[in-house]
There are 2 protein chains.
Amino acid sequence: MGVDDQRIDLDDLTPGARKILEVASELFYEQGIHPVGVDTIAAESKVTKPILYKNFGNKDGLVAAYLRHRHDTWWPVLEAAIAAAEKPRALAFFDVYAEDAKTITRGCAYLNAAAELAEEHPAYSVIRRHKHLVRTRLAELIAEDLPDTPDPGSLADHLFLLLEGAFAHHRIYGAGLLAEGREIAEGLLRR
Amino acid sequence: MGVDDQRIDLDDLTPGARKILEVASELFYEQGIHPVGVDTIAAESKVTKPILYKNFGNKDGLVAAYLRHRHDTWWPVLEAAIAAAEKPRALAFFDVYAEDAKTITRGCAYLNAAAELAEEHPAYSVIRRHKHLVRTRLAELIAEDLPDTPDPGSLADHLFLLLEGAFAHHRIYGAGLLAEGREIAEGLLRR
DNA sequence: GGCTATGTATACAGGTTTGTAAAGTCAAGG
DNA sequence: CCTTGACTTTACAAACCTGTATACATAGCC
């Protein structure tokens with residue numbers, strides 16, 4: 001419960017619902033939420049609209065499911081990178097983001113969605129939760145790996161801003177800024 | 001020429017066009033681009049649709065004009081703050097952003113627009129230019145005020161990421177992150 | 001006076017959007 | 001054998017969207 005009661009368990013989804021979610025995830029990220037209609041999603045996934053509405057309620061529900069599913073599949077990738085990383089493990093965040101940026105070219109899906117949606121949208125809490133988890137996980141790693149840091153919370157937020165600032169501008173400045181952010185972060189952690 | 005040939009000179013606009021631009025700027029920022037229709041803009045500004053299309057061509061043209069106008073009115077405010085600031089003047093960026101954040105609550109208008117628009121959209125170059133000007137102006141101030149800095153370009157980008165990272169998350173984390181970013185920046189500049 | 005630019009009022013074309021209704025197919029499992 | 005659940009097909013309702021056409025009013029300026 002708590003967070004997990006909103007998880008999307010792919011095994012619980014019918015094949016049609018799973019296909020819809022896959023196609024919607026791809027299109028929503030590549031083109032944004034508003035430009036992609038449910039007709040397009042239904043056509044592309046070869047599953048009909050009534051099934052879409054039966055499974056996700058309405059478009060807003062599908063958007064929320066898209067972001068939840070994206071988080072749920074991405075998070076284990078992050079944790080695996082953290083588990084495999086040398087100390088200071090906080091740099092693993094930069095590596096995972098850089099790896100993502102090789103295949104996805106529109107920056108942060110959550111910030112993009114937040115820019116399009118009103119705060120009342122059911123997906124907005126998903127966005128907030130995702131960012132909150134990133135920020136707190138980063139703070140945990142700093143506190144564990146650099147226990148002698150005078151102000152670990154401030155250092156964690158410092159890295160958070162470097163990481164997220166670079167990713168937010170990925171579409172404008174490309175991957176270079178992310179690499180530069182990583183170098184700066186490395187310098188900060190060495191002291 | 002160069003950049004200025006795309007400036008929006010408010011004196012060159014007819015009263016109707018000016019009103020349209022004002023109303024569109026407000027609505028596009030507050031609600032986003034896609035949710036605001038031209039009918040709404042025409043109704044709210046009490047100027048009819050044919051005048052809107054005569055002055056701005058189409059909705060895309062109005063969106064581009066919105067961002068150009070926003071930049072053109074904001075930039076002198078920034079320059080005034082820079083002129084009035086003590087060294088290191090780079091901190092003036094944080095103060096202007098923080099002042100903005102008191103009245104506007106949806107973060108960076110340019111990142112928000114970038115998230116909604118395709119790269120082929122006529123407004124996209126306006127977004128790129130705005131961010132580029134911010135980044136280079138910041139680098140100029142660093143180079144002038146801290147001439148002994150070993151790597152001024154890297155320090156400038158460091159501040160850029162702190163500044164923009166905090167502003168990009170304004171809608172999620174509020175003004176606190178911006179204040180924290182400023183403190184971190186102050187610490188970096190003191191050395 | 002007459003030209004030009006600005007704006008109004010009204011209506012419409014043509015397309016796209018979300019969302020629903022109704023009837024029927026197909027396969028697994030008790 | 002028969003119920004249940006997943007899915008299809010087709011059609012439709014009701015908004016909403018961008019953009020245009022037509023005809024008229026008004027005011028400044030040469």
Side-chain angles (χ1 to χ4, degrees), chain A residues 8-67 69 113 116-118 120-124, chain B residues 8-67 69 113 116-118 120-124:
Chain A
I8 306 258
D9 203 337
L10 278 188
D11 298 333
D12 289 353
L13 292 182
T14 63
R18 198 150 48 222
K19 192 86 185 80
I20 289 170
L21 190 54
E22 279 170 20
V23 168
S25 297
E26 168 92 16
L27 294 180
F28 282 154
Y29 179 76
E30 286 301 328
Q31 303 180 32
I33 316 280
H34 279 114
V36 177
V38 289
D39 278 322
T40 307
I41 294 168
E44 206 98 343
S45 63
K46 284 168 190 145
V47 177
T48 54
K49 267 204 301 180
I51 293 300
L52 189 159
Y53 279 94
K54 181 175 184 133
N55 281 279
F56 299 99
N58 54 24
K59 187 182 179 181
D60 288 351
L62 179 57
V63 171
Y66 147 58
L67 289 174
H69 173 58
E116 282 200 72
L117 306 178
E120 299 77 39
H121 194 285
Y124 215 90
Chain B
I8 305 256
D9 202 337
L10 277 188
D11 298 334
D12 289 354
L13 292 181
T14 64
R18 198 150 49 223
K19 190 83 182 110
I20 289 170
L21 190 54
E22 280 170 19
V23 168
S25 298
E26 168 92 16
L27 294 179
F28 282 154
Y29 179 76
E30 287 301 327
Q31 301 180 33
I33 315 278
H34 279 114
V36 177
V38 289
D39 278 322
T40 307
I41 295 168
E44 206 99 342
S45 62
K46 283 167 192 147
V47 177
T48 54
K49 266 204 300 181
I51 294 300
L52 189 158
Y53 279 93
K54 181 172 186 135
N55 280 279
F56 299 99
N58 53 25
K59 187 181 179 181
D60 288 351
L62 180 57
V63 171
Y66 147 58
L67 290 175
H69 173 59
E116 281 200 72
L117 305 178
E120 299 76 39
H121 194 286
Y124 216 89

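Every chain is numbered from 1, with letters handed out A, B, ... down the list of sequences.
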Can you tell me the distance, in whole Å, between the [atom1] atom of [X] and the [atom2] atom of [N]?
X	N	atom1	atom2	value
B:Leu52	C:dG7	CG	C1'	13 Å
B:Tyr53	C:dG7	OH	P	17 Å
A:Ile41	C:dT17	CD1	C1'	12 Å
A:Phe56	C:dG19	CZ	P	14 Å
A:Asn58	C:dT20	CG	P	8 Å
A:Ile20	C:dG19	CD1	P	14 Å
B:Asn55	C:dA5	CG	P	13 Å
A:Lys49	C:dA21	NZ	C1'	12 Å

Considering all heavy atoms of both residues, which atom of [X] and which atom of [Y] are nearest to each other, and what is their separation?
X	Y	result
B:Val36	B:Leu27	CG2-O, 3.6 Å
B:Ala42	B:Thr48	CB-C, 4.3 Å
B:Leu117	B:Ala123	CD1-CB, 3.9 Å
A:Ala17	A:Phe56	O-CZ, 3.7 Å
B:Ile33	B:Tyr66	CD1-CE2, 4.1 Å

Taking any heavy-atom pair under 4.0 Å as a contact, classify A:Pro50: base, sugar-phosphate, or nothing.
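Contact class for A:Pro50: base.
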Checking all strands, does A:Lys19 fall into the base, sugar-phosphate, or nothing category for heavy-atom contacts under 4.0 angstrom?
nothing
Flag the pair B:Val47 / B:Leu52 as yes when at least one side-chain heavy-atom distance between them is below 4.5 Å, and no otherwise.
no
Determine, stepwise, if the pair A:Glu116 / A:His34 fulfils side chain to side chain contact (heavy atoms under 4.5 Å, CB included).
CA-CA 8 Å; A:Glu116 282 200 72; A:His34 279 114; 3.0 Å; yes
May I have the step-by-step check of side chain to side chain contact (heavy atoms under 4.5 Å, CB included) for B:Phe28 and B:Leu62, ending in yes or no?
CA-CA 10 Å; B:Phe28 282 154; B:Leu62 180 57; 4.1 Å; yes
Enumerate the residues from residues 27-37 of chain A whose closest heavy atom to DNA chain C is under 4.0 Å, giving them by residue number; use none for an empty result.
A:Val36, A:Gly37
Going 5' to 3' along DNA chain D, which are the first and last nucleotides with any atom under 4.0 Å from a heavy atom of chain A?
D:dA6 to D:dT9
Non-neighbouring partners of B:Asp39 that pass side chain to side chain donor-acceptor pair (under 3.5 Å), sequence neighbours left out:
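B:Lys49.
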